[in-house]
2 protein chains.
Amino acid sequence: MPIYTPSPPASLLTSSPIVPLITIALVIMASARRAAAGRNQLPPPIQRFKYSNRVVLKSILDREDKGRAVAGQRVVVGGWVNSRKERADVDDAPFPTPPAEADDVRLGEVHVQYVPFLRPISSIPVGGDGGAQAPAAATAKDKHIIIHLLINDGSCSSNLQLVMDSSMSIPGQVVTVGNSILVEGVLRRAWTGRKRVVELIVEKILYVGAADLKTYPLAKPQPSLLFLRDHPHLRPRFITIGSVARIRSNLTCACHAFFGDLGIIHVHMPIITSIATGTQSQRFQVTTLLNASDQGHVDLEVFKAAVQEKRSRIEKLRRGGNNKEALVAAEEDLEKSKQLVRVLEERQKTATVYVGEVKLSEDFFGRAVYLSTSAGLHLESYACALSGVYTIGPVFQADESQSTKKLAEMWMVEVELAFVELEDVMNCAEDLLRSLCYSLLATAGNDLKFASKQIDSDCIKRLQSITSRPFDRITYSRALHILNQVKDRSFLTEAVWGTNLSEEHESYLADDFFENPVIVYEFPKDIKPFYVRGNANRMTVSAFEIIAPKASVGVLVRGSQKEERLDVISKRIGEVGLPHEQYDWYMDLCRYGSVQRSGFSLELDKMVVMATGITDAEDAIPFPRARGNAKL
Amino acid sequence: MPIYTPSPPASLLTSSPIVPLITIALVIMASARRAAAGRNQLPPPIQRFKYSNRVVLKSILDREDKGRAVAGQRVVVGGWVNSRKERADVDDAPFPTPPAEADDVRLGEVHVQYVPFLRPISSIPVGGDGGAQAPAAATAKDKHIIIHLLINDGSCSSNLQLVMDSSMSIPGQVVTVGNSILVEGVLRRAWTGRKRVVELIVEKILYVGAADLKTYPLAKPQPSLLFLRDHPHLRPRFITIGSVARIRSNLTCACHAFFGDLGIIHVHMPIITSIATGTQSQRFQVTTLLNASDQGHVDLEVFKAAVQEKRSRIEKLRRGGNNKEALVAAEEDLEKSKQLVRVLEERQKTATVYVGEVKLSEDFFGRAVYLSTSAGLHLESYACALSGVYTIGPVFQADESQSTKKLAEMWMVEVELAFVELEDVMNCAEDLLRSLCYSLLATAGNDLKFASKQIDSDCIKRLQSITSRPFDRITYSRALHILNQVKDRSFLTEAVWGTNLSEEHESYLADDFFENPVIVYEFPKDIKPFYVRGNANRMTVSAFEIIAPKASVGVLVRGSQKEERLDVISKRIGEVGLPHEQYDWYMDLCRYGSVQRSGFSLELDKMVVMATGITDAEDAIPFPRARGNAKL
């Protein structure tokens, strides 16, 4: 297996059928870069962000030359403070190299190291206003307090270390974890432990945005991903979530690049649709008729948090012990807040909307409409005109199980290709997966390294293995045969022809038997939708699934060749008990100039889970939606 | 104004601030192409589509060498037939050049030219089965019937002409308009009128998908865009709709390229949200509680179409006149169908869902949730962590007016940048617009030429003008001053400080006064949302709008610097009467490490309208959603 290097050699992919335009483009760009480097014998200079005078940290920290070319440069940088340390320094000379640290400060998720080496933050004197209480003596003494801040601006997983004198603090304010900061200074190279890093000697503070450490959720020592889900608007500042977001962005853009190179056209499919699929309870209906009052809508958590805060305050007053009056007042206040929470909780539980008889003709669209559960059928209609089309967008499913695992709003990459048969579309799906993994390895190295350190140490190896050899392909029947031959372990459910493979079956095939992604194809007719093309044997249909190995995501891709014969599709619609008139428009595709066509869909959220090794899809998407959870 | 050429000179954009990575990338790619061309002294060869043996028509028809390099090559092509002509030919030699045509067959929207030169189609003999009635004599005679088919595969706006002998037809079938066809043959250059074209001499028919011309909606002579909206699943085969779809795809992908070059991160924002904005009646609520029967859901149009078909059949029987029995039966049948339509219509009108009291806590998300009306606030939370983020996705608005003009499901490009102030974000928005127009001019030439011929002759000139000079920038107050100075015309509404500019005001500024896109900024506080940053004068806020000229789309972009001061935003939320507790999460962004930040949103649908000149946004999106309209 090839070893991962920041710019993987072209040979990494030559065994696969994917060599094409992406590789060519990369080669062109690499050679252009080499040519430019050859001319000046210098690595690329720092580039400031085009719409401010700020330099993004990625261009300082994510460099092959480890900062050699940027040392000595004056720059403006900004970001959010992840860690603060300070120490007294007797030397008046230029700022010293920071102390050695056990952690890798470039990559580690560092939070709440704000406890100063010498004193509690509250006693750090501040200039200006604060100076009134701490007179000249203190100022002189504090001249040599050196502060080290680690900041991150979300452009990469690395933090930049700012080195500054405490006298620089903005009057009345201590710059600490959770603050935003914009500074000007000079870059220099330094050693942290045994690591070479680039740090910034701050010369001017341009802006500081305060944060109350007592209530700032990310100031909690090592907040868990589960805890962070309660704060979806703040959690991207947690580097793990930021890394996952960048990998998700990379994957999405790599999809566009893959299809763009092939000349496949991007189309926007509808979210609201009048096509009802699945059972009623699995559908989200969209309406303007619930003229509800918003009584139930108050965010209880805010009020609960207030109660908690008041409790802490009382605790503090009690410890202080000398302000009885304030304590009594605070206790009364707390009681009121608790009462309010109780009332609100009750109201939330019983909040009702009286609707009575809803006339669908009076609804906004004059009929029942739903959130789309799949763009597939609509997309086919565009494939039957533009030949090759794809879409990237959300689909919705009100999962009947009470499981919160499954996202109710999932992002899918869906593709339909006209004049294309099953085998070809399997090739396309395999190439897409391989190309996405390749793109991550080639351009998201920093974030992948972070993920392999903080989330899943196998994630890079997994991506490399996907790009390194062709996927295995077996029919559903052969898969059953393999599963039924297994002697050295027992499955909870037996693999019986005509039923779906279970998670443990999938895992056995990909993880143990092949140790490779597996494409299973030719499924029994009854476990696949009506639009999948029937085979001559009348028992199986031209569907396929791709199972990813060692990622516990199971099936990543589902696809099929579509039924193009009018008589067959019409019969199938009847067989599965769907109303013909609802699918009459779909049958038009077979009625007027039908063609052989095939397509597939890739679950983007699962792809992010697979690539990063993050265990829950709720952490792979910015604002997850699941049963009982629609935060913000 | 520079004249448009297929590869616009680099100088086209040098006056603007956009020279950056896109240009560099284009230059690299162009030089690579030139280098390759220089080596072989040959234009690029035909490439077959990677996942079939088919060659896409774009690679044959959309070439700078007008087909010189591809003549003589054997290829497989597929597509849908837009036109059929035939003529008898006395010469037994290789197929002749087709007859001269007045229209430009490469670009014109050609439909229903299926009337043969010599005889009605019904009398064209077919091989095999059909041969039983028309014996050997006819077959011999028909050996020299030459058929010309124009086919399109959706890869470009041009049609390819297939030249074939009628004896090739598949037994029992006449290949005509609406059919799909997959053929193998040899390309050759020919003259059509005074135009050089490439045509294909068909040697083998590989597949034909039939279409019933009598019911095929696109077989109508010159179907209007309005008519086609009733057939959203078939209309992309109409070349105008296909062209618009390709331009939309180009614009979307150019957005990704623009932001990717800047290192701005793509994030997926939620569709379902618990944040309620606007009035209750403007919101789409999402629920699983309407356990409705689907009685009202039947697609009436299908039944109405059946009635229409039966009427035509009766008409035909009447003209035939000799089958009284069949006529009576048909009339009875018609009556039944009409009755069914009446019943269904009645049921649809009164279809009710009895809901009674809805307990929000029992709904899927345990609370009231809505379709997102803007990703802006959510996006800001990611900007306050990842610094630069964008999203492309749908937003929803149940427009209160009965106007069907406004889409209920609109696609928006939304951007938020941290550490960025108003002027910088205006630069970014201007660069984006310019870059999108540039991308279209550089890569969608064929479709733009088609649009300028069939839709709006000014569209290319408009795009060129946007790329050719900086936008004008004026404050709202200055805009009012200009409008109040106008003497030579009167406006329906007066331009009064504190009110929104009307459409005619916007049009006057961009079309008449500046003849250029205009950025209006610094708006009165009361006509902008609460989150826009207040100016020192306490009367205006840091918002801006970009008005596109000569496109009657009005405002294309809306943006602003956001309020980063906690005390100010808190006061504003109170002033506009919003519930504080609902926006407490949003205030967290100012509470914990607030930064200056700015963003904007671009209406993608309007951008497509502007670029193509198509008059209605319902034709700019595949499946439009508007009041009373949610087809498919």
Side-chain angles (χ1 to χ4, degrees), chain A residues 28 32 51-52 54 78 80 153-154 178-180 209 211 216 233 236-237 249 252 256 265-266 270-272 274 284-286 288 290 296 302 349 351-353 355 357-358 360-361 364-366 368-369 381-382 385-387 394 398 419-420 424 428 581 584-585 592-595 623 625 628 630, chain B residues 28 32 51-52 54 78 80 153-154 178-180 209 211 216 233 236-237 249 252 256 265-266 270-272 274 284-286 288 290 296-297 302 349 351-353 355 357-358 360-361 364-366 369 381-382 385-387 394 398 419-420 424 428 581 584-585 592-595 623 625 628 630:
Chain A
I28 291 176
Y51 302 105
S52 70
R54 188 175 65 94
W80 288 266
D153 69 355
N179 281 197
S180 64
Y216 183 51
H233 57 305
R237 296 189 198 176
S249 170
T252 312
H256 287 294
I265 294 159
H266 180 42
I271 306 299
I272 297 172
S274 54
F284 289 113
Q285 190 159 349
V286 175
T288 51
L290 301 182
V302 177
K349 262 187 220 133
T352 56
V353 183
V355 185
E357 298 212 326
V358 171
L360 290 175
S361 60
F364 187 84
F365 293 109
V369 295
S381 75
Y382 265 65
L386 307 182
S387 295
F419 303 106
V420 165
D424 289 319
C428 180
E581 64 272 21
D584 196 68
W585 70 275
Y592 305 116
S594 188
V595 293
F623 295 89
R625 300 294 177 241
Chain B
I28 292 174
Y51 302 105
S52 69
R54 187 175 65 94
W80 288 266
D153 69 357
N179 281 197
S180 63
Y216 184 51
H233 57 305
R237 298 189 195 173
S249 171
T252 311
H256 288 293
I265 294 160
H266 180 43
I271 305 299
I272 296 173
S274 54
F284 290 111
Q285 191 160 348
V286 175
T288 52
L290 301 182
H297 188 63
V302 177
K349 260 187 223 135
T352 56
V353 183
V355 186
E357 296 213 326
V358 171
L360 290 175
S361 60
F364 187 84
F365 294 108
V369 295
S381 76
Y382 264 66
L386 306 182
S387 296
F419 304 105
V420 165
D424 289 319
C428 181
E581 64 273 21
D584 196 68
W585 70 276
Y592 305 116
S594 187
V595 293
F623 294 88
R625 301 293 177 240

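Here is how names work: the chains are called A, B, and so on, in the same order as the sequence lines, proteins then strands, and each is numbered from 1.
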Check: B/Phe365 ring centre within less than 6.0 Å of A/Phe284 ring centre:
yes
Heavy-atom contact with chain B under 4.5 Å, split by part of A/Ser594
both
OG on B/Ser52 to CZ on A/Phe419, rounded to 0.5 Å
8.5 Å
Work out which heavy atom in A/Val369 is nearest to a heavy atom in B/Ala630; give both atom names and the distance.
CG1-CB, 3.8 Å
Using a 4.5 angstrom heavy-atom cutoff, name the option from A/Gly628, A/Gly593, A/Ser381 with the most pairs to chain B.
A/Gly593
What part of A/Pro394 lies closer than 4.5 angstrom to a heavy atom of chain B: side chain, backbone, both or neither?
side chain
Which portion of B/His233 sits near chain A, non-hydrogen atoms under 4.5 angstrom
both
What's the shortest heavy-atom distance between B/Pro270 and A/Phe623, and which atoms?
CD-CD1, 3.6 Å
Which atom of B/Leu386 lies closest to which atom of A/Pro236, heavy atoms considered:
CD2-O, 4.1 Å
Among the listed options A/Ile271, A/Val595, A/Val286, the residue most often paired with chain B at heavy-atom distances under 4.5 Å:
A/Ile271
Do you know the tightest heavy-atom contact between B/Ala385 and A/Trp80?
N-CH2, 3.7 Å
Tell me, side chain or backbone of A/Arg625 under 4.5 Å from chain B's heavy atoms, or both, or neither?
both
Which atoms of B/Ser387 approach chain A - backbone, side chain, both or neither, heavy atom under 4.5 Å:
both
If one checks every heavy atom of B/Asn179 against chain A at 4.5 Å, the contacting part turns out to be backbone
